Amino acid sequence: MPVHLSVLVQTPAHSGIGGPLTYLSEEALALGTLVRVPLGQRELLGIVWPPQPQADDPVPPVKPLRLRAISGELTGLPPLNASWQALIRFTASYYQRSEGEVALAALPPSLRELSPVQLMRRLERKAGINKTGIKKGKTETADALQTQATPQVALGAPPQGLALTAEQETVLGQLAASKGPFLLFGSTGSGKTEVYLQAVQRLLQSEPTAQALVMVPEINLTPQLEQRFRQRFEPWLGPGCVVAMHSAMTPAQRLASWLAAHSGQARMVLGTRMAVLASLPHLRLIVVDEEHDPSYKQQEGARYSARDLAIYRGQLEGAKVLLGSATPSLESWHHSRPASEDKPAGRYVRLHMPARVGQSALPLVRRVDMNRQPRRTVFSGVLLDAMRERIRMGQQILVLLNRRGYAPVLHCPSCHWKSQCPHCSAFQVFHKLDRSLRCHHCSFAQAVPRACPECGDTDVRAMGRGTEQLEELLAAQLEGVIRPGGGAARIARIDADSTRAKGALEAQLAQVHAGEVDVLVGTQMIAKGHDFRRVSLVAAIDTDGALFSSDFRAPERLFSLLMQAAGRAGRDAQWSLQEGHGCEMWIQTHFPQHPLFDALKRHDYPAFAQEQLQERAQAGMPPFSFQALLRAEARTQEAAQAFLTAVAQMATDLPGAHQLTLYPPVPLGIQRVAQVERAQLLVEGTSRTALQAFLTAWQPLLRSARQQHRQVLRWAIDVDPLVI
Ligand code: ADP
Ligand code: ZN
Ligand code: ZN
């Protein structure tokens, strides 16, 4: 007698099919079991899920005339456990997406594509079963997975870490002593990574099946961290105890990592934000390195914050959560505030490691007042002199400019033509190396015109500058400087353009590490995480824009970028303590008196944070309020805004609405991208509960309003947006 089975499948975000679909099955299957089901003409991966509660819906759902049967069960895999299911449910409801979308997107793509037979073969191959032919039936494949499901157990003695510094020892003691969540506030080079390694080791040693999840913001930081973890743990727990998870892996690699984590075989998962939704049945510790990094926020689909989900997941599964940063997000800083006279302490435990390991010192911060330099100066004379001296001493220099390409815009002095992108409200950036004009928003590229397209003048000029131009300029200005081994200064550039080819970034970084580069010019890519040993001078060019940006988070991002960049200097005492030539960070600015630079000079994150938090409290901005954005895209700006205005009018009586402010619709900063007009509406209030209740009630109205506003191409809700 077939039974009814609720199955979650990947449904389009706004189809209105939020919950699971009903199928027939020969037998009842455990929640979380992976199955294949027919949908229309297709066959999809699905997850057995609790039926949708038909709460206070007065109209009974329309039952399809004929229920279809599931096509098969992925018998080799244990079901996704209850905590994972709860995590998915929370993510979907908090970020206002369907459970089907969130759940299926959290599984590796090839799991969605493989048939049960293909998957079984894959599992059997992994388990080393060599029998030929297709095996079907539960017991065999279940056995196959069982063989590999044993967690990696010790092969040898636990690894010897470094002898800990007093600060590291204290922090590890505090980690053991309370439940957390923890915010580890540690200077760049204070040995945070070593704390992560030892925290993980202590856990794995005490519990033979425990798993740890370690997250990093950027793919380009994963190989370095992965190497440190492998070196430390593989001799002890064997190969396969550490797996990586990030989007640059092949589908086969992602499947292998996911299976290893899901089966409990992998004890450590290192990954980018996607890893927060991995199935980890024995999760006991989550580390979020560089927790302030914006790349933890997903910017499409379900726009979740992996850092915030880590906190939730830790609570859900009883796992400890350790966030780490030298410049924490203001949210985490606020949540870890100590108790004051009138207010209790925040929810997080703050741990502190102010000192750098060994003798290395933080760099001296020097400001160059660009108001006193001749107009159009790119590199001030004093900075150039300092650079020349470093090169003569055989030291390395980083030059940071957050704008790639040669020049942000081409223009014609005769008729004022500018290289506007035909598809976006943005300029096409001039890339000199391949003589192209490229839009960084829609990727539209074309050859640089020989003459002005408007008036024919051949004197078309570059305005402003990017990394390409800095590289060229430096080569000219450092000409004749001889480094110790003889020969001219070697200049290299690292940015999204120079690292497009697979492996290019690794190769370039290796050159820097090997000392084959004297001056490295680049975007924020060079500021993060790298342990450059011989850098003694870091220079930031042209950062003033962020001081007066309309984005209230711009100063926070600038401060953290500059602190990170400064942290690249003087990591090796040998280079940072040479008599009279300590390491330095140079900042060229028109606003040398700005308090942000004062705090930076003192390496005083707490002072910077306090000032910023005061401003935010006064203005009622996060973390003192909660926000969500409703974005709409349409062919015309009017249509996008009309939709937003209409749905705002419908919303006045919704639950929570009276506790919230709905601001008038506005165009996005970059209003038009790829011929699509974009507008948004900000919802803000001091109660997260009210905001959540409101958004949930608003969803169906948005879906139906979309039917009336045919010109609207898309809409999306962004909860806790990072960019407003
Ligand atoms: P962070 O992550 O805080 O920037 P790292 O963990 O990368 O710092 O440590 C900086 C450097 O100090 C690394 O080269 C690391 O190997 C070294 N280090 C860390 N802890 C110790 C220790 N206890 N003893 C000696 N060297 C250490
Ligand atoms: Zn012209
Ligand atoms: Zn464009």
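As the structure lists them, so they are numbered: ligands from 1, and atoms in each ligand from 1. Note that the structure is predicted; figures quoted are calculated from it, not measured.
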Determine, considering heavy atoms only, which of [options] sits nearest to [atom].
| atom | options | result |
| --- | --- | --- |
| atom 12 (O) of ligand 1 | Leu164, Thr188, Val195, Val357 | Val357 |
| atom 3 (O) of ligand 1 | Met353, Glu169, Lys192 | Lys192 |
| atom 20 (N) of ligand 1 | Gln168, Glu167, Gln564 | Gln168 |

**Request:** Give a yes or no on whether the ring-centroid distance for His423 and Phe444 is below 6.0 angstrom.
**Result:** yes
**Between Tyr348 and Phe182, ring centroids under 6.0 Å** =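 No, too far apart.
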**Request:** Pull up every protein N/O/S atom sitting under 2.8 Å from the Zn ion (ligand 2), skipping waters.
**Result:**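 Checking every protein N, O and S atom gives Cys412 SG, Cys415 SG, Cys452 SG, Cys455 SG.
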If you compare all heavy atoms of [X] against all heavy atoms of [Y], which two are closest, and at what distance to 0.1 Å?
| X | Y | value |
| --- | --- | --- |
| Val200 | Phe233 | CG1-CZ, 4.0 Å |
| Glu291 | Pro328 | OE2-CA, 3.1 Å |
| Lys320 | Ala176 | NZ-O, 3.4 Å |

**Message:** Using only atom types and a distance under 3.5 Å, with no angle test, would you say the side chain of Gln564 pairs donor to acceptor with the backbone of Arg568?
**Reply:** no
**Prompt:** In ligand 1, which numbered atoms sit nearer than 4.0 Å to a non-hydrogen atom of Ser187?
**Reply:**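 Here the atoms of ligand 1 in question are 3 (O).
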**Prompt:** Quick one: which ligand 1 atoms are inside 4.0 Å of a heavy atom on Thr165?
**Reply:** 23 (N)
Any N or O of [X] closer than 3.5 Å to N or O of ligand 1:
| X | value |
| --- | --- |
| Gly189 | yes |
| Ala163 | yes |
| Thr193 | yes |

Answer yes if the side chains of [X] and [Y] hold a donor-acceptor pair under 3.5 Å, and no otherwise.
| X | Y | result |
| --- | --- | --- |
| Trp586 | Glu584 | yes |
| Asn402 | Thr523 | no |
| His292 | Ser325 | yes |
| Ser536 | Gln395 | yes |

**Prompt:** Does His441 bring an N, O or S atom to under 2.8 Å of the Zn ion (ligand 3)?
**Reply:** no
**Request:** Using a cut-off of strictly less than 2.8 Å, determine whether His423 has an N/O/S atom near the Zn ion (ligand 3).
**Result:**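 No, since none of the N, O or S atoms of His423 sits under 2.8 Å from the Zn ion (ligand 3).
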**Message:** Heavy-atom contact check, 4.0 Å cutoff: does Gly567 meet ligand 1?
**Reply:**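 So Gly567 does not count as touching ligand 1.
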**Prompt:** Heavy atom of Arg228 under 4.0 Å from ligand 1?
**Reply:** yes
**Asked** Parallel under 30°, tilted from 30 to 60°, perpendicular over 60°: which one fits the rings of Phe185 and Tyr605?
**Response** tilted
